2 protein chains.
Amino acid sequence: MARKRFDDSNCSVARALNEVGDWWSLLIVLHAMYGTRRFVDFQQQLGIAKNILGDRLTRLVDNDVLRKVDVGEHGSRFEYRLTEKGRDLFPVVIALRQWGDKWNPAPEGTPLDLRDRASGRSIQPVGVQDADGNPLSIRDVFVPEESTPDSKKSLA
Amino acid sequence: MARKRFDDSNCSVARALNEVGDWWSLLIVLHAMYGTRRFVDFQQQLGIAKNILGDRLTRLVDNDVLRKVDVGEHGSRFEYRLTEKGRDLFPVVIALRQWGDKWNPAPEGTPLDLRDRASGRSIQPVGVQDADGNPLSIRDVFVPEESTPDSKKSLA
DNA sequence: TAATTTGGTTTCGTAAAGCAACCCTATTAA
DNA sequence: TTAATAGGGTTGCTTTACGAAACCAAATTA
């Protein structure tokens, strides 16, 4: 984490990064998406120090990305599960994964391909689309004037 | 940045975070997408220390996300422009922005809406889609067996 | 009763990130 | 000539992040 916090920034990207923009948080969310729920499993799979993991889990719970569930079972008592807010990071994580696979392919092994359960076919690359579903690049979009109250400040 | 580096991780998300996963880099890319190109403009808009900005710009150039262009003009001599790799972060940034707007709405002001130049209509939420363009949630996808060489290691 | 597992918290020391301030060069404007 | 601007680099200091290891409590297992 950095010194400067962006809780009050008027940029939603900065505010998002404030919650999941650190090193471990997004990886924790990723693993949670693949089914990891218990403290020790996160710790072993990520190779993260226990105090750091505890701190990140607490913060993710505070930010309503995960919720801590008391499962009254033998030995294992707590689970960390994604909230709807956490599950909503799915496109972010997948977009990042596809970007990483494309531009920094794995030194060994295959890029992960996700398939949808219904058809068994691979998913599409995540992209920005217009109202009709046509892909858009950054050159195809603009910010309407009324959306920028104080000059260009809404971009900062 | 963290102590542990993920250059050699077999997880593409970890490798992606290794390049743009720190506090400032993604915000720099965001501003670059909105047209910022010069050192001082980044510095003033982001409120970042000059040495940190210099470090991040150097790393982004090293990682081929930005390229440094010598424009032999009066006073301003260099510009930092997105490469194709950098522009390819567009879906990631937009997905993150939409997530931030949805779950942490701006305390004041409107969430930014992007529109496509051709039609003038707002863009769609970025999402994961199947081969036919239907939206997929995390519950709708799976990882085929042949894509996970050594047990669950490809997820780590 | 003793050992093990789960799920952490606390303490400690190190490495890194970060900011502020100063310095520096080159060019342009007044 | 004297700013002023662009584009940094360097130094010094503070704050964090991080990992390792110790510790701890409850519950289970042997």
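In this text, all values refer to a predicted model and were calculated from it rather than measured experimentally. Note on naming: letters A, B, ... go to the chains in the order of the sequence lines (proteins, then strands), and numbering restarts at 1 for each one.
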| For atom NZ of B:Lys68 and atom P of D:dG9, their distance in whole Å | 7 Å
| said: Could you tell me how far apart B:Asp70 (CG) and D:dG8 (C1') are, to the nearest whole angstrom? | reply: 14 Å
| task | Return the value, rounded to whole Å, for the distance between atom CG of A:Asp55 and atom P of C:dT10. | result | 12 Å
| message | Counting only side-chain heavy atoms from C-beta out, which of D:dA6, D:dG8, C:dG7 sits nearest to B:Val40? | response | D:dA6
| query | Whole Å only: how far is the NZ atom of B:Lys50 from the C1' atom of D:dT11? | reply | 14 Å
| task | Figure out the CD1/C1' separation between A:Ile52 and C:dT10, and round it to whole Å. | result | 13 Å
| task | Taking atom types as modelled, find out whether A:Asp88 and B:Trp99 have a side-chain donor-acceptor pair closer than 3.5 angstrom. | result | no
| So, A:Thr58 versus A:Asp55: side-chain donor-acceptor pair below 3.5 Å or not? | no
| remark: note: A:Glu79, atom CD; C:dG8, atom P; distance rounded to Å ~ 11 Å
| field | Nucleotide nearest A:Trp24 when distance is taken to its side chain, options D:dG19, D:dA6, C:dG8 | value | D:dG19
| B:Arg67 backbone acceptor or donor facing B:Arg81 side chain under 3.5 Å | no
| Nearest-nucleotide 5' precedence on DNA chain D, A:Ala49 against B:Gly54 | B:Gly54
| message | Is there, by distance only and without an angle test, a donor paired with an acceptor across the side chain of A:Asn51 and the base of D:dG19 below 3.5 Å? | response | yes
| task | Find the distance B:Arg59:CZ to C:dA16:C1' and express it as a whole number of Å. | result | 12 Å
| task | Taking the six-membered ring of B:Phe78 (Phe, Tyr or Trp), confirm whether the NZ or CZ of B:Lys68 is under 6.0 Å from its centre and within 45° of its axis. | result | yes
| field | Under-4.0 Å side-chain N/O to phosphate OP1/OP2 contact, B:Tyr80 with D:dA6 | value | no
| query | Can you tell me how far P of D:dG7 sits from CD of B:Gln43, to the nearest Å? | reply | 11 Å
